[in-house]
Amino acid sequence: MRRIIISTESGADLPVHVAQKCGVQVVPMHVIMDGQDYLDGSIPVRDIYNYYERTKKIPSTTSVNSNEYHEFFTKIQSDFPGCIIIHIGYTSRASSSFQNAVIAAEEFDDIFLIDALNVSGGLMAIVMYAVTLLEAEPSVTPSELIKKIESQVPKSRLAFIPGSLDFLRAGGRVSNAAYLSGSLLKIKPLIELVDGKLVSTKKYRGNMNRVTEKMMHDYLNKYNLDKGQLYFLYSSGLDDSIKKRIDEMAEEAGFNHVTWIEAGAVISTHGGPGAFGIAGLEI
């Protein structure tokens, strides 16, 4: 029986040790800072925040290009001769990365692409679903596995609160007027993935401790989530007291397992320091 290899992008924020343990192949996206191109994962996230503090600019991020995908798929097939690749990609509605994978895959056999229509923990939830299913059913056919993975795409729910409005303003996502009023009123926008796009769906007021608790409460009430796994995402700077309270709320809600994931360079560039997010799969 031919081996099935799962692959994804670094924008899934899949920790290196988890990817290695589960055999998931990860291709890095890019961060551009001071005119230099860095692969996601090759620089500490703290460097991004230091760069912003020094310049009041945020780095830009770029997708994996088609040549990089070609090299990525070639290496997988070289490392695992005769394998079948199922690539679960970063939403095509927020990046050109998936389309570049489509272009590269045209030159290969036995590569199947799934647009996750999600990012970060929302993408990771789908990837880990695929990994878990493959481990539980090693004899599953590629077509059956793909069908089951695709069934989870519309069920993946990601929501996050940026750590501050500074990164949103620097990235052109809010005007100076909105930034000033938001800062004065301590307003923080809730960002969710809607039809594969990042959309501000709600606004919270207060400090981050209060806001994250409200967000957690709203998220758990809005979605009927699989109790087996919940993902909490954070960027450097999130207070430990917030993590403790969120863990308590998850336990009270009956979740069997929660995983805290630190955002990588690409996602941290958009969320800023101290950001918090939740991801899970609906039943």
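For clarity, every value in this text was computed on a predicted model and none was experimentally measured. The analysis underlying the following values was restricted to heavy atoms, covering all of them including side chains, and did not include hydrogens, waters or symmetry mates.
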Worked verdict on Arg245 versus Ile242 for side-chain contact (heavy atoms from CB on, under 4.5 Å):
CA-CA 5 Å; Arg245 178 56 186 145; Ile242 293 175; 6.0 Å; no
Within the side chain of Lys227, is there an N or O that forms a donor-acceptor pair under 3.5 Å with the backbone of Ala253?
yes
Starting from Leu39, can I reach Ile267 by hopping between I/L/V/M/F/W/Y residues whose side chains sit under 4.5 Å apart?
no
Close side-chain approach of Ile86 to Ile5, heavy-atom, < 4.5 Å
no
Could you give the distance from CG (Leu281) to CD (Gln152), rounded to the nearest 0.5 Å?
5.5 Å
Would you mind checking if Arg2 and Asp110 are paired as a salt bridge, meaning a charged N to carboxylate O distance below 4.0 Å?
yes
Heavy-atom pair with the smallest gap, counting every atom of Gly11 and Leu123
C-CD2, 4.3 Å
Phe255 and Leu225, any side-chain heavy atoms less than 4.5 Å apart
yes
The side chain to side chain contact (heavy atoms under 4.5 Å, CB included) partner of Ser7 among Ile76, Leu113, Val127, Val27 is Ile76
Can any side-chain N or O of Glu9 pair as donor or acceptor with the backbone N or O of Tyr90 at less than 3.5 Å?
yes
Would a distance-only check, ignoring hydrogens and angles, find a side-chain to backbone donor-acceptor pair under 3.5 Å from Ser156 to Gly122?
yes
side-chain contact (heavy atoms from CB on, under 4.5 Å) for Met128 and Val18? Distances and angles first, verdict last.
CA-CA 10 Å; Met128 292 308 297; Val18 174; 4.0 Å; yes
Determine whether Val153 and Asn118 satisfy the following criterion, side-chain contact (heavy atoms from CB on, under 4.5 Å), listing intermediate values before the conclusion.
CA-CA 8 Å; Val153 169; Asn118 224 307; over 6 Å; no
Please report the closest heavy-atom contact between Pro189 and Ser200, naming both atoms and the distance.
CB-OG, 3.6 Å
Are the side chain of Ser151 and the backbone of Lys148 linked by a donor-acceptor contact shorter than 3.5 Å?
yes
When rounded to the nearest 0.5 angstrom, what is the spacing between CG in Leu198 and CG in Leu193?
5.0 Å
Note, Leu158 side chain near Leu233 side chain (heavy atom, < 4.5 Å)
yes
Do Ser268 and Ser235 have side-chain N/O donor and acceptor atoms under 3.5 Å apart?
no
To the nearest 0.5 Å, what is the distance between CG on Leu134 and CG on Leu145?
6.0 Å
Thr91 side chain to Val119 main-chain N or O, any donor-acceptor pair under 3.5 Å?
no
Check this for me, if you would: do Lys147 and Glu150 make a salt bridge, where the nitrogen-to-carboxylate-oxygen distance has to be below 4.0 angstrom?
no
Would you call the rings of His87 and Tyr69 parallel, tilted or perpendicular if under 30° counts as parallel and over 60° as perpendicular?
perpendicular
Any side-chain heavy-atom pair of Glu68 and His30 under 4.5 Å
yes
Any side-chain heavy-atom pair from Val140 and Leu133 closer than 4.5 angstrom?
no
Check whether any side-chain N or O of Asn100 sits under 3.5 Å from a backbone N or O of Val64 as a donor-acceptor pair, and report yes or no.
yes
Determine whether Phe160 and Val199 fall in the same hydrophobic cluster, where Ile, Leu, Val, Met, Phe, Trp and Tyr are linked whenever their side-chain heavy atoms lie under 4.5 Å apart.
no
Nearest heavy atoms of Gln229 and Thr259, plus distance in Å
NE2-OG1, 3.1 Å
Between the side chain of Ser120 and the main-chain N/O of Asp13, is any donor-acceptor distance below 3.5 Å?
no
Over 60° means perpendicular and under 30° means parallel, so tell me whether Phe276 and Phe232 are parallel, tilted or perpendicular.
tilted
Nearest heavy-atom neighbours spanning Ser236 and Glu262:
CB-OE2, 3.8 Å
Distance from Ser42 atom OG to Asp37 atom CG, nearest 0.5 Å?
8.5 Å
Please check if any side-chain donor atom of Arg54 sits under 3.5 Å from a side-chain acceptor atom of Asn50, or the reverse.
no
Of all heavy-atom pairs linking Ser66 and Ile103, the shortest is CB-CG2, 4.1 Å
If you count every heavy atom of other residues, nucleotides or ligands that lies below 6.0 Å from Asp79 atom CG, does the total exceed 12?
yes
Main chain of Gly272, side chain of Tyr49: is a donor-acceptor contact present, judged purely on distance under 3.5 Å?
yes
Do Phe112 and Ile4 have side chains that approach each other closer than 4.5 Å (heavy atoms only, starting at C-beta)?
no
In terms of hydrophobic clusters joined by side-chain contacts under 4.5 Å, are Met215 and Trp260 together?
yes
Is the positively charged end of Lys75 above the ring of Phe73, judged by distance under 6.0 angstrom from the centroid and angle within 45° of the axis?
no
Is the ring centre of His70 less than 6.0 Å from the ring centre of Phe108?
yes
Nearest heavy-atom contact between Ile58 and Tyr51 is C-CE2, 4.1 Å
Is the side chain of Arg157 donor-acceptor paired with the backbone N or O of Pro154 at a distance under 3.5 Å, no angle test?
yes
Pairwise side-chain contact, Met29 with Thr61, heavy-atom cut-off 4.5 Å (strictly under)
no
What's the spacing between Leu230 CG and Leu220 CG if we round to 0.5 Å?
7.0 Å
Between CD1 of Ile88 and CE of Met124, what distance do you get to the nearest 0.5 Å?
12.5 Å
Flag the pair Ile48 / Tyr52 as yes when at least one side-chain heavy-atom distance between them is below 4.5 Å, and no otherwise.
no
If you count every heavy atom of other residues, nucleotides or ligands that lies below 6.0 Å from Arg210 atom CZ, does the total exceed 12?
no
Tell me whether Thr141 contacts the main-chain N or O of Glu144 through its side chain, where contact means a donor paired with an acceptor under 3.5 Å.
yes
Atom CD of Glu251: over 12 foreign heavy atoms under 6.0 Å:
no
Salt-bridge test for Lys222 and Glu282: reply yes if a basic N is under 4.0 Å from a carboxylate O, no otherwise.
no
